[in-house]
Every structure is written in C-alpha cells, then in structure tokens.
**Q** 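Quick one: the structure is below, and I'll ask about it shortly.
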Number of protein chains: 2
Amino acid sequence: MNSNPLIPKELKHYFTLGLSIDCVVFGFDGEKLKVLLIERGDSPFKGYWALPGDLLAPEKDLNSSVNDVLNNLTGLNDLFFEQVETFGEVDRHPFGRVLTTSYYTLVKISDYELNPASFACEAKWFNMEDISELAFDHNKILNTCFDKLQTSIRIKPIGFELLPPKFTLTELQLLYEAILDVKLDTRNFRKKILSMEFLINTGDLQANVSHRPAKLFEFDEMRYNSIKEKGFSFEI
Amino acid sequence: MNSNPLIPKELKHYFTLGLSIDCVVFGFDGEKLKVLLIERGDSPFKGYWALPGDLLAPEKDLNSSVNDVLNNLTGLNDLFFEQVETFGEVDRHPFGRVLTTSYYTLVKISDYELNPASFACEAKWFNMEDISELAFDHNKILNTCFDKLQTSIRIKPIGFELLPPKFTLTELQLLYEAILDVKLDTRNFRKKILSMEFLINTGDLQANVSHRPAKLFEFDEMRYNSIKEKGFSFEI
DNA sequence: CCAAAAGTGTTATAGCTACACCCATGT
DNA sequence: ACATGGGTGTAGCTATAACACTTTTGG
C-alpha cells in the first residue's frame, strides 16, 4: 500500500501531495465552440460546475490515467489528449495540497450524444463564451487550455477531431472561425487547405439540404503523416 | 505537519505522492548551446550527471519554488522560467512515486562564471550535443525542454537572455544558428531582426578585436512590449 | 599590405490579401 | 421562380530566399 517504499524517513514530509488530473473537453456543434462540464455533487464547491477531473492513483502513470478519469466521469473513450500545464498554488484546493495537471481533448459531439444515463454525474456542454464562475481555479485552467488550443490548431491538423469523419469545407471553416474567433475568407481558406493535399474528396454529397449540396471530405491521416515526414508543415 | 488537514480518510492513499522540480538551464558561450548539469552525490544514480532539481515542499507554490531550487543548487538567481511538462510514469524514480515538473531557463554564462565554491555540488556546463546518459529520465526531459526552446525562440524574443546586455548582430545570429541548428543568411537575418525595431544601436563598438569592430546593440524590452501590444508578432 | 570579420542591396519567387458572381438543390 | 448556401479566379502586394563584394580594424 505504500507507494514509496525506499524513501528515507527525513523526506516523508515531502510525500504527502495529491495530484489531480483536470480535463478540458472541447466540442463543436457546427456553430460554437463548446466545453463539457460536470456539476459537483460533493464539497468543496458543491453545486458548482467544474472541469471533469479526479485524483491520480499512486500506482498509475500520469498521462495514461487521463483517459480513465474522463471515461469514468463521462463515458468518453479513446480520445487524444494534450498535456497543457500543471497548477500548483498552495491554496488552490481548500481541503489540502492538491496540484493538478491539465489536459485538453477534442470530441465529435455527434458521436457522444449526452445520454444522462451514461454519466456518473450531471454533465453538460456549455458554449465557451457563456462559461462563468467554475469551481477551484478551473477558469484559469480553462483559459490556459483554450490558449493552447488556439495555438495548436494553427500548426497541427487537430481540427478534424471535432468534426464527423466526413465533413464539408464550410464546416471546417466555421470550426476554425469559432476557435480562432476570426472571420476567414472562403476562397482563401479553401485554396490553402486544399493545397495541403491531405483532404480526400469522398465523392459523396450532403443530403437533405435545401440548397446546393456540399462535397464531403475526409482527413487522410496516412497522407498527412507521410508529407509531414518530408518536412511539410501545416499552418493556418 | 500534515499538509492535507481536511482530506477524508478514504482518500489518504492518494496523498502519498512526491513531486520534484527539474530545471534545464541553457547557456551560450558564443559558439555552442550549453546545458548546466550537476553530479549526483547520493543514491539513486550516484555519480551520474543530472538536471538540477529537488523535491517540492508541501507548503510552497509550484512555480515560485523553481527559483529557490535552482538557487540552492547553483547560486543562480532571478531568472525567468518556462514550465514545460510534467512527467509521471510510475517507475521513473526507483525509490518511490515521484512525479516531476520540468522548466527551462536561460542564463548569460558570462554573468555566472562557474565558481565551484558557490555551488552546493559539482556543477558543469556541457555542450548540448555532447550530453550522454543522464540520471532518471532526464534525457527525455532535456529533449522535451530543448524542443520547447526551439519553438519558443522562433516566436518570442527570448534569445537575448542568453547574451550579455550589449551584443553584436553576429553573436545574435550565431545564437539562433546554434539553437535552431541551421545556417542563416547574414543579410536576411539582419534585415529581419532590424526591421522589428526593438534593437537599440548603443553607438559602442567591440574592443580589442583584430578586425573591423562590430556595433553593439541592446534589446529594448520597453519598446518590444509596446509594439507587441499593438499586435506586432515576433517570428524568425 | 594582409588577414579577419563587419556590413550592405537587388532581383526573382512564393505566398497572402482582397474581392464578386454564378451554380445546384429543395420548396 | 426564389431562397439558400456552395463553389470558383485574378490581380496587387508583401515577405522570403538567393547571392558577392567593399569596409574597417589589428598585426
């Protein structure tokens, strides 16, 4: 049960820390950037909305626990995570010394319709722009993760993680506009993204839309990896 | 003595973690990128070279402990630190569960001639390229911090931290070449860096060189901050 | 006067920005 | 036929890359 069997006695005082994992789950509904929050059922901050998170068990690796933490709370699984920052102010948790390592991840909202039964607790998507006071220092964590998302999405093709497997160029553009909070020129955006040559035109078209149906594209990860190895760099 | 007074009993098991701070100190000798390492005097990894680091005390903030840790080990002080990543594999420390948060910092080697007396232990500058097997997972940490330095220096004017207050454009170019491991064109480099208008020509010249003496420049941080606020972005 | 590094301008190319109209579909 | 969003090309501008010789100092 003791995770630190060989630690000298005089250092025992240092082995009293708790470390939590907090996760910012971003989603996109086709219009606005969303964040998944859970309602706290326990003290402290009972009743507040918070980032999904939990304590790290001493017998588990840090990075590989993130998926489990999120899965337990929300049923989400098999996501990619990016570690962002570790927050360690002494007074950030009112009950004791708990540091937290933050991560963000991106989910296709459509894949995970929020079925309340599948959640261990109340979970809800919020518009990024509507989020007010969260538990602990979670507003600060959220903002840091959002900044990281904004820089990452401009240099790595991670946006596709937020869209269904087949998507239109307009959907992709709306996603970039929502995350970067800018208006992009349609022609220039298409020229640029298509010039990168890792989008496959599936040949399929949108169905049941009362206007000219858009072509559906797929992200070709194999192709992206192969051109990336040749020194190609993604940038929007 | 207990840093977690209000933690419920059933969670005690989670409050047995140790967290260390490890710091990658980069320097530049005018030619090569250097890293400051210390020789371990104690088990585990006794006799190995390692990143300067220490355990975080439960009563201290994470980010503000970095300076103290480094100061105790090396006498360095008042540096800027950038947090890079937290490493938390279960088996990364042979004596118990110790996670580590890594930081890098930049020092002007000339300001801190390595006076052995001022060091709590054996410390030495190594060429980045000559570093072989380090204690723990410190090679991995070093590589991660170096990657971060390479990306940061291209988008933030942090290179000046490695040079004396007055420096020549050639020194600055050599620094960028050493960190990014590329050859840069002298004329293009000067055009670009001078076009950013945050270097002050001090009017002073190099002394005691057996060739045409170079102009000495200073980084104007005030001016950098003011143009940055207007939306200017640094990029090399 | 020789060695050594400092300093400087132009041209060609690639990438970016700005901008307006026709097309395909459902109702 | 109309409403709705899908889809496309060009021209001007800006940034980048490639490239070689003259200048100033010390010895």
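Labels below follow one simple rule: chain letters A, B, ... track the order of the sequence lines, proteins then strands, and each chain is numbered from 1.
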**Q** Verify whether one side chain among B/K191 and B/N188 offers a donor that lies under 3.5 Å from an acceptor in the other.
**A** yes
**Q** Within the structure, does a side-chain N or O atom of B/T170 lie under 4.0 Å from either OP1 or OP2 of C/dA6?
**A**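 Yes, such a contact exists.
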**Q** Could you tell me whether B/N208 contacts a base, only the sugar-phosphate backbone, or nothing, with contacts defined as non-hydrogen atoms closer than 4.0 Å?
**A**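 If one applies the 4.0 Å heavy-atom cut-off, B/N208 turns out to touch nothing in the nucleic acid.
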**Q** Looking at C/dG9, I'd like to know if its phosphate oxygens (OP1 or OP2) sit under 4.0 Å from a side-chain N or O belonging to B/K191.
**A** no
**Q** Look up atom CG in B/N63 and atom CD in A/E85, then write down how far apart they are to the nearest 0.5 Å.
**A** 6.5 Å
**Q** Starting at atom CG of A/D185, determine the distance to atom C1' of D/dG6, rounded to an integer number of angstrom.
**A** 14 Å
**Q** Please state how far atom NZ in B/K183 lies from atom C1' in D/dC19, giving the value in whole angstrom units.
**A** 15 Å
**Q** Considering just the side-chain nitrogens and oxygens of B/R187, establish if one lies under 4.0 Å of OP1 or OP2 belonging to C/dG9.
**A** no
**Q** Rounding to a whole Å, what distance do you find between B/L194:CG and C/dG7:C1'?
**A**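 For the pair B/L194 CG and C/dG7 C1', the rounded distance is 11 Å.
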**Q** Please figure out whether B/H211 or B/E235 has its closest DNA chain D nucleotide nearer the 5' end.
**A**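 By nearest-heavy-atom nucleotide position, the 5'-most residue is B/E235.
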**Q** Could you give the CZ-to-P distance, from B/F189 to D/dT16, as a whole number of Å?
**A** 13 Å
**Q** Is it true that a side-chain atom of A/T105 and a backbone atom of A/F80 form a donor plus acceptor pair closer than 3.5 Å?
**A** yes
**Q** Would you mind reading off the distance between A/N188 atom CG and C/dC19 atom C1', rounded to a whole angstrom?
**A**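 It works out to 9 Å between those atoms.
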**Q** Between C/dA5 and B/K215, is there an OP1 or OP2 to side-chain N/O distance shorter than 4.0 Å?
**A** no
**Q** Is the centre of the B/F45 ring less than 6.0 Å from the centre of the B/F136 ring?
**A** yes
**Q** Let me spell it out: for each of B/P213 and A/S210, pick the nucleotide of DNA chain C with the closest heavy atom. Which residue's pick is nearer the 5' end?
**A**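 Its nucleotide being nearer the 5' end, the pick is B/P213.
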**Q** For the pair made of CG in B/N201 and P in C/dA6, what is the distance, rounded to whole Å?
**A**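 Value for this atom pair: 15 Å.
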**Q** Quick one: is D/dG7 close enough that its OP1 or OP2 comes under 4.0 Å of any side-chain N or O from A/R190?
**A** yes
**Q** How long is the line joining CD1 of A/I193 and P of C/dC16, in whole Å?
**A**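 Whole-Å distance recorded here is 12 Å.
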**Q** Pick the closest DNA chain C nucleotide for A/R212 and for B/A214 by heavy atoms, then say which residue is nearer the 5' end.
**A**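 Here B/A214 is the residue nearer the 5' end.
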**Q** With sequence neighbours excluded, what pairs up with B/F146 under the ring-ring contact (aromatic ring centres under 6.0 Å, His included) test?
**A**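 Not a single residue meets the ring-ring contact (aromatic ring centres under 6.0 Å, His included) criterion with B/F146.
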**Q** Atom CG of A/L174 to atom P of D/dG5: distance rounded to whole Å?
**A**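 For the pair A/L174 CG and D/dG5 P, the rounded distance is 11 Å.
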